[in-house]
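Presented below is the structure to which this report refers.
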Amino acid sequence: MATKTTTHRVFCDNVTTRRAALGLTQVQVAAKLGMAQPSYAVIETGKCQPTLNTVVKVATALRTTPAELLTPKAFAESKKNSRSAIAAK
């Protein structure tokens with residue numbers, strides 16, 4: 001298993017948060033990337049070190065930029081809003 005660096009943790013957290021904010025499932029994002037859901041889940045959980053090419057593809061699928069996915073707390077407000085929406089249900 002790959003060791004997570006701070007940047008790697010940030011990427012994984014931001015990918016998960018962004019996907020949830022867009023209301024997408026892992027299956028939907030995986031389909032956009034042309035991969036199976038278990039392969040995509042490995043990216044979100046940080047069990048692999050994605051290549052730069054994969055980072056770019058994930059960013060495109062999530063309608064954002066690689067820089068946003070690699071920026072600490074880039075989607076903190078989206079995460080907060082997603083949790084509020086879930087709690088309201």
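Computed from a predicted structure; not experimentally measured. Computed over heavy atoms, backbone and side chain alike; hydrogens, waters and symmetry mates excluded.
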Between OG1 on residue T7 and CG on residue L69, distance to nearest 0.5 Å: 12.5 Å
Single-linkage hydrophobic cluster V42~V58, side-chain heavy atoms < 4.5 angstrom: no
Test your reading of the model: is there a side-chain donor-acceptor pair from H8 to the backbone of P50, 3.5 Å cut-off? no
Any residue meeting side-chain hydrogen bond (donor to acceptor under 3.5 Å, both in side chains) with T64, in chain and number order, not counting sequence neighbours: none
Enumerate the side chain to side chain donor-acceptor pair (under 3.5 Å) contacts for residues 54-63, please, sequence neighbours excluded, ordered by first and then second residue. T51-T54
Output the distance between atom CZ (F11) and atom CD (E68), rounded to the nearest 0.5 Å. 13.0 Å
Inter-residue atom distance K73.NZ - T17.OG1, 0.5 Å rounding: 11.0 Å
Interatomic distance, CG@L70 vs OG1@T65, rounded to 0.5 Å, equals 8.5 Å
Nearest atoms (heavy-atom pairs only) where C12 meets T45: SG-C, 4.3 Å
Once side-chain hydrogen bond (donor to acceptor under 3.5 Å, both in side chains) is applied, do any residues pair with T25, and if so which ones, sequence neighbours excluded? Q28
Restricting to pairs with a member in residues 19-33, which pass salt bridge (charged side-chain N to carboxylate O under 4.0 Å, His left out), not counting sequence neighbours? R19-E44
Check P66 against A59 and note the closest heavy-atom contact, atom names and distance. N-CB, 3.5 Å
Taking the side chain from N14 and the backbone from T71, do they hold a donor-acceptor pair closer than 3.5 Å? yes
Any link between V10 and I43 through a network of hydrophobic side chains (Ile, Leu, Val, Met, Phe, Trp, Tyr) touching at under 4.5 Å? no
Residues two or more places apart in sequence or in another chain: which of them pass side chain to side chain contact (heavy atoms under 4.5 Å, CB included) with A41? Q26, Q37
